[in-house]
Trainee: 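Starting off with a structure, shown below.
Just so you know, residue 1 is the first one in the sequence shown, and it goes up from there. Below, each value reflects all heavy atoms present in this structure, side chains not excepted, and no hydrogens, waters or symmetry copies.
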Amino acid sequence: MEVDDALREALRLAVDPPDGVAIESLRELARDNDATEWDIATAAEHLKINPHTLRYYERIGLVQVARDNAGHRRYDAAAVRRLVFLTRMRTSGMPISDLRRYIELVDAGQSTVPERLDMMLEHRDTLRAQIAQLQLALAATEYKIATYAGAPQP
């Protein structure tokens with residue numbers, strides 16, 4: 001493989017990874033089965049986070065969770081949708097302080113939509129810059145792999 005071909009393939013793999021983004025992952029954001037209720041263990045398992053994180057999010061006011069007659073948390077569809085959003089934003093590097101502000105705005109109602117939009121636009125710009133840097137790092141890695149794969153083996 002020529003150097004230019006290896007570079008092109010490395011860039012292609014960095015921009016269009018083989019596994020891509022699964023539509024199932026995005027469907028979690030719009031969970032619409034309002035009959036669904038999960039206990040804390042089930043919610044943590046589905047969200048792939050620690051139950052302590054769920055308790056923390058509740059304690060700092062990011063999510064409100066109903067309790068059953070025995071006092072156990074019951075995560076309804078609305079709480080799960082919010083938690084999916086929160087976990088995605090934390091994974092993307094959004095600070096807790098920004099999430100708290102965002103949730104305050106959501107809870108304040110429709111009049112805050114312009115400010116929420118501004119927050120999301122700013123976060124998107126930050127993510128795009130990070131992704132561009134990560135894609136370049138991935139391309140460099142893919143290039144080295146292609147180079148080593150074509151090199152004579154000892």
Side-chain angles (χ1 to χ4, degrees), residues 6-68 70-146:
L7 284 171
R8 277 190 197 86
E9 180 64 3
L11 287 171
R12 186 193 67 75
L13 287 170
V15 174
D16 186 21
D19 294 334
V21 175
I23 189 80
E24 292 78 25
S25 298
L26 296 175
R27 281 195 177 119
E28 285 183 25
L29 292 170
R31 181 178 300 277
D32 58 2
N33 182 355
D34 287 331
T36 299
E37 280 196 350
W38 291 339
D39 62 16
I40 193 165
T42 304
E45 181 182 334
H46 280 276
L47 296 167
K48 296 177 179 43
I49 59 175
N50 191 303
H52 295 293
T53 303
L54 293 174
R55 289 184 197 99
Y56 173 69
Y57 287 171
E58 182 181 0
R59 189 171 63 250
I60 66 171
L62 292 177
V63 65
Q64 294 178 1
V65 182
R67 305 279 180 138
D68 65 15
H72 298 119
R73 289 171 176 84
R74 300 303 302 169
Y75 293 86
D76 64 10
V80 170
R81 280 192 300 270
R82 180 170 282 191
L83 287 165
V84 167
F85 174 76
L86 293 170
T87 57
R88 295 298 183 266
M89 292 301 100
R90 286 297 295 145
T91 298
S92 72
M94 183 179 276
I96 289 289
S97 59
D98 289 355
L99 279 174
R100 289 177 87 166
R101 178 66 184 141
Y102 183 84
I103 294 301
E104 285 173 8
L105 293 170
V106 169
D107 291 345
Q110 282 297 110
S111 65
T112 66
V113 167
E115 192 172 347
R116 286 185 267 161
L117 176 60
D118 287 346
M119 286 183 77
M120 289 294 106
L121 289 169
E122 185 177 324
H123 189 63
R124 181 188 65 189
D125 292 346
T126 300
L127 287 174
R128 284 181 172 169
Q130 290 172 344
I131 288 168
Q133 290 301 311
L134 287 171
Q135 285 175 324
L136 187 56
L138 179 58
T141 304
E142 294 285 1
Y143 175 72
K144 281 297 182 185
I145 291 168

Trainee: I need the minimum non-hydrogen distance between Q110 and R116, along with the two atoms involved.
Mentor: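 Closest approach of Q110 to R116: CA-NH2, 4.0 Å.
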Trainee: Return the CG to CE distance between D125 and M120, rounded to the nearest 0.5 Å.
Mentor: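 The distance works out to 11.5 Å.
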Trainee: Please evaluate residues L54 and E58 with respect to the criterion side chain to side chain contact (heavy atoms under 4.5 Å, CB included), reporting the C-alpha separation (whole Å), side-chain torsions for both, the decisive distance (0.1 Å), and the verdict.
Mentor: CA-CA 6 Å; L54 293 174; E58 182 181 0; over 6 Å; no
Trainee: Just checking E122: does its CD atom have more than 12 heavy atoms from other residues, nucleotides or ligands closer to it than 6.0 angstrom?
Mentor: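 Not buried by this count: 12 neighbours or fewer within 6.0 Å.
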Trainee: Do you know the tightest heavy-atom contact between H123 and G93?
Mentor: CE1-C, 4.5 Å
Trainee: Rounded to the nearest 0.5 Å, what separation is found between the CG atom of D76 and the CZ atom of R81?
Mentor: 8.0 Å
Trainee: Rounded to the nearest 0.5 Å, how far apart are CG of D107 and OG1 of T112?
Mentor: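 Here the interatomic distance stands at 9.0 Å.
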Trainee: Considering only heavy atoms from C-beta outward, does the side chain of V80 approach that of V84 to under 4.5 Å?
Mentor: yes
Trainee: Assess the residue pair E115 and Y102 against the criterion (side chain to side chain contact (heavy atoms under 4.5 Å, CB included)); give the C-alpha distance rounded to whole Å, side-chain angles, the decisive distance to 0.1 Å, and a yes or no.
Mentor: CA-CA 9 Å; E115 192 172 347; Y102 183 84; over 6 Å; no
Trainee: At their closest point, which heavy atom of L83 faces which heavy atom of V63, and how far apart are they?
Mentor: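 Shortest heavy-atom separation between L83 and V63 comes out as CD2-CG1, 4.0 Å.
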Trainee: Apply side chain to side chain contact (heavy atoms under 4.5 Å, CB included) to L105 and M119, showing your working.
Mentor: CA-CA 10 Å; L105 293 170; M119 286 183 77; 3.7 Å; yes
Trainee: Rounded at 0.5 Å granularity, tell me how far CZ in R101 sits from CD1 in I96.
Mentor: 16.0 Å
Trainee: Please report the closest heavy-atom contact between R82 and I103, naming both atoms and the distance.
Mentor: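 Minimum heavy-atom contact is NH1-CG2, 3.3 Å.
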Trainee: State, to 0.1 Å, how close A43 and W38 come at their nearest heavy-atom pair, and which atoms those are.
Mentor: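 Shortest heavy-atom separation between A43 and W38 comes out as CA-CE3, 3.7 Å.
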Trainee: Nearest 0.5 Å please: distance from the CZ atom of R88 over to the CG atom of L86.
Mentor: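 Going from CZ on R88 over to CG on L86, the span is 11.0 Å.
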Trainee: How close do V65 and R74 get, heavy atom to heavy atom, and via which atoms?
Mentor: CG1-O, 3.5 Å
Trainee: Please determine, by modelled atom types, if N50 and T53 share a side-chain donor-acceptor pair under 3.5 angstrom.
Mentor: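 Result is no, nothing qualifies.
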Trainee: Could you state the interatomic distance from CD1 (I131) to CG (L136), rounded to the nearest 0.5 Å?
Mentor: 13.5 Å
Trainee: Check step by step if side chain to side chain contact (heavy atoms under 4.5 Å, CB included) holds for Q64 and Y57.
Mentor: CA-CA 9 Å; Q64 294 178 1; Y57 287 171; over 6 Å; no
Trainee: Given side chains that start at C-beta, do those of D39 and R73 come closer than 4.5 Å, heavy atoms only?
Mentor: no
Trainee: I40 and side chain to side chain contact (heavy atoms under 4.5 Å, CB included): which partner among E45, R55, H72, H52?
Mentor: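 Passing option: R55.
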